[in-house]
Amino acid sequence: MQAQATGKTLLIRNARILVTMNESREEIPDGALYIRNNVIEQVGQTADLPQDADEIIDARHHIVLPGLINTHHHMYQSLTRAIPSAQNGELFNWLTKLYPIWAGLTPEMIQVSTLTAMAELILSGCTTSSDHLYIYPNQTRLDDSLEAAARIGMRFHGARGAMSVGQSKGGLPPDRVVQDEAAILKDTQRLIETYHDHQRHAMQRIVVAPCSPFSVSRELMREAADLARHYGVSLHTHLAENVNDIAYSREKFNMSPAEYAEDCGWVGHDVWHAHCVQLDAHGIDLFARTGTGVAHCPCSNMRLASGIAPIRKMLDAGVPVGLGVDGSASNDSAHMLGEVRQAMLLQRVGFGPDAMTARQALEVATLGGAKVLNRDDIGALKPGMSADVVMFDTRQIAFAGALHDPVAALVFCTPANVDCSIINGRVIVREGQLTSIELGAVLERHNQLSLALAQGVD
Ligand SMILES: [Zn+2]
């Protein structure tokens with residue numbers, strides 16, 4: 001341990017309440033955290049921890065909790081929120097309206113929209129995010145997203161998406177936005193070899209992620225699984241999102257989406273699927289047995305009227321479930337704490353008032369997300385975990401009158417923004433402001449690019 005005893009130390013103390021998400025789900029009043037470099041060294045009551053550090057943050061008015069984890073997103077879609085022609089359709093209709101607009105994406109658009117999406121996530125309590133980029137027109141690359149993540153300082157799982165079956169072959173996307181399958185696999189391999197960090201506390205991982213069963217071939221699904229397993233990286237795609245998705249799978253493959261996933265090698269601890277709104281009992285059992293994860297995206301499911309995912313059943317069966325805000329065009333609001341709230345509310349609409357508690361929803365967004373991303377170093381505040389910590393100020397109007405139970409208030413009341421966020425030991429938000437980028441300038445450019453992208457198409 002001698003070698004670890006050097007480096008910058010950060011002490012967060014006097015927390016009004018500190019939510020650990022440890023094995024006993026302990027919540028510590030007057031809690032404190034002692035961080036060295038990028039790792040949590042001690043957690044406990046303020047009086048029991050060191051009294052000094054290189055930097056001290058007083059959290060006497062704050063709820064302190066593990067950074068939230070977003071397991072599904074398409075950050076480039078932040079450029080196409082609330083597009084008039086795509087406001088009121090279901091999934092396939094919505095995609096058909098948007099594909100031609102997205103065909104105009106440029107590398108700068110990917111970079112600026114990723115920064116914007118990450119800023120929104122970080123301010124709303126998220127410290128780790130996945131992003132599923134599956135459309136690569138005009139020399140855009142996943143490298144553009146990875147650069148943005150490094151610039152803002154977010155822990156990032158970049159999913160190399162892909163579409164290869166265009167309209168002429170019976171797929172949904174127009175031919176001009178699909179790619180050759182050999183080129184897809186080659187680029188994915190390049191990304192893994194260039195960027196993937198296997199080590200604990202990694203800030204950057206690569207995920208192999210063909211877009212969906214209705215936009216790539218069975219061969220690509222299988223080869224993608226082989227590639228991911230060769231390198232020991234995770235797999236991600238969309239699955240069983242709505243009833244049309246089920247009908248497509250039945251018609252094209254004569255299988256349910258879960259059967260198709262199993263047939264292609266897409267089950268296991270290293271796989272997670274977005275949505276699974278229509279996952280049947282067999283699918284839930286299969287996912288539980290194999291440790292296959294689900295990214296639940298309640299706002300997107302409501303926005304596109306996809307249905308209510310059976311999350312209560314999945315959790316009871318032992319399926320790993322995390323939360324995702326999904327692409328900004330099908331959610332339009334990428335507020336991570338807001339998504340936690342919607343997850344709780346939507347389960348209640350579907351399955352009764354005891355279907356999900358506030359604390360269960362927070363657990364899905366922390367420990368659940370970590371499990372889905374196949375990580376054991378994030379999602380809880382414990383010694384040895386990555387120093388990803390968020391703090392919410394209880395003095396805001398949203399919490400007025402709700403301090404009987406500040407932790408539940410976080411989920412029941414109006415979704416708040418963080419006052420402070422620490423990612424990998426680095427203070428990324430201080431007094432509600434991002435420290436790593438000039439947000440105003442980024443948003444101004446984002447809005448220019450957004451209008452340019454939609455112009456002439458919509
Ligand atoms: Zn999605």
Side-chain angles (χ1 to χ4, degrees), residues 21 25 68-72 90-91 130 212-213 235-250 255-263 266-326 330-331 339-374 379 408 411-412:
M21 290 291 167
R25 306 294 184 268
L68 307 178
I69 297 166
N70 178 37
T71 61
H72 188 65
E90 59 74 58
L91 177 68
S130 173
S212 66
L235 287 156
H236 180 50
T237 193
H238 294 90
L239 201 78
E241 183 164 348
N242 70 8
V243 289
N244 293 339
D245 200 346
I246 306 292
Y248 183 93
S249 185
R250 284 268 166 228
M255 290 181 189
S256 73
E259 287 166 345
Y260 182 66
E262 186 177 27
D263 185 62
W266 276 71
V267 291
H269 291 279
D270 54 352
V271 183
W272 86 101
H273 296 283
H275 303 300
C276 299
V277 174
Q278 304 294 340
L279 196 68
D280 56 13
H282 161 264
I284 292 175
D285 179 58
L286 173 70
F287 279 29
R289 273 190 285 114
T290 54
T292 308
V294 169
H296 175 43
C297 308
C299 285
S300 169
N301 298 161
M302 287 188 276
R303 158 74 145 91
L304 299 174
S306 301
I308 304 175
I311 299 304
R312 181 72 267 155
K313 277 189 200 153
M314 292 182 195
L315 292 172
D316 289 345
V319 175
V321 178
L323 279 192
V325 297
D326 202 2
S330 71
N331 177 350
E339 204 68 30
V340 176
R341 183 170 192 263
Q342 294 294 1
M344 177 183 78
L345 297 178
L346 187 58
Q347 282 306 289
R348 291 176 178 212
V349 173
F351 311 106
D354 58 354
M356 189 175 282
T357 67
R359 285 175 171 78
Q360 285 166 348
L362 282 174
E363 186 169 323
V364 167
T366 51
L367 292 172
K371 199 162 185 193
V372 161
L373 295 185
N374 214 9
V411 185
F412 275 102

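Every heavy atom of this structure was used, including side-chain atoms; hydrogens, water molecules and symmetry mates were not. Position 1 is the first residue of the sequence, and the numbers go up from there. Predicted model, so just to flag it, every value in this text is computed and none were measured.
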Quick one, [X] and [Y] - any side-chain contact, counting heavy atoms below 4.5 Å?
X    : Y    : value
R25  : R359 : no
L346 : R348 : no
N242 : L304 : no
H273 : E241 : no
I284 : P310 : yes
D280 : S256 : yes
L286 : R289 : yes
T292 : V319 : no

Inter-residue atom distance [X].[atom1] - [Y].[atom2], 0.5 Å rounding:
X    : Y    : atom1 : atom2 : value
N301 : Q342 : CG    : CD    : 11.0 Å
L235 : H269 : CG    : NE2   : 14.0 Å
W272 : T71  : CH2   : OG1   : 7.5 Å
Q347 : M314 : CD    : CE    : 8.5 Å
N70  : L323 : CG    : CG    : 8.5 Å
F287 : L279 : CZ    : CG    : 5.0 Å

Requested in this report: For V372 and V294, run side chain to side chain contact (heavy atoms under 4.5 Å, CB included): C-alpha distance rounded to whole Å, both residues' side-chain angles, the deciding distance at 0.1 Å, then the answer.
Outcome: CA-CA 7 Å; V372 161; V294 169; 5.9 Å; no
Query raised in the report: Is it true that a side-chain atom of Q278 and a backbone atom of S306 form a donor plus acceptor pair closer than 3.5 Å?
Result: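 A pair under 3.5 Å: yes.
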Requested in this report: Verify, without hydrogens or angle tests, whether D285 (side chain) and A281 (backbone) share a donor-acceptor contact under 3.5 angstrom.
Outcome: no
Query - Qualifying salt bridge (Lys or Arg N to Asp or Glu O under 4.0 Å) pairs, either residue in residues 297-307, two or more places apart - result: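 Residue pairs passing salt bridge (Lys or Arg N to Asp or Glu O under 4.0 Å), neighbours aside: R303-D332.
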Tell me the closest heavy-atom pair linking [X] and [Y], and the distance in Å.
X    : Y    : value
M344 : A361 : CB-CB, 4.1 Å
G291 : P320 : O-CG, 3.6 Å
F351 : A309 : CE1-O, 3.7 Å
P213 : Y260 : CB-CE2, 3.7 Å
L373 : S130 : CD2-CB, 4.4 Å
H296 : A343 : CD2-CB, 4.1 Å

Report task. Would you check if there is a donor-acceptor pair between the side chains of D326 and H72 at a distance under 3.5 Å? Result ->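 On atom types as modelled, these side chains qualify, holding a pair under 3.5 Å.
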Query - Test item: side-chain donor near acceptor, E339 and N331, under 3.5 Å - result: yes
Query - Stepwise side chain to side chain contact (heavy atoms under 4.5 Å, CB included) test for E262 and M255 - result: CA-CA 10 Å; E262 186 177 27; M255 290 181 189; over 6 Å; no
Report task. State yes or no: are the ring centers of H275 and H238 separated by less than 6.0 Å? Result -> yes
Report task. Take N374 and K371 through the test side chain to side chain contact (heavy atoms under 4.5 Å, CB included) and record every step on the way to the result. Result -> CA-CA 5 Å; N374 214 9; K371 199 162 185 193; over 6 Å; no
**Report entry** Stepwise side chain to side chain contact (heavy atoms under 4.5 Å, CB included) test for V349 and I308
**Finding:** CA-CA 8 Å; V349 173; I308 304 175; 4.1 Å; yes
Report summary line: side chain to side chain contact (heavy atoms under 4.5 Å, CB included) filter on P257, not counting sequence neighbours, yields L239, A240, I246, S249
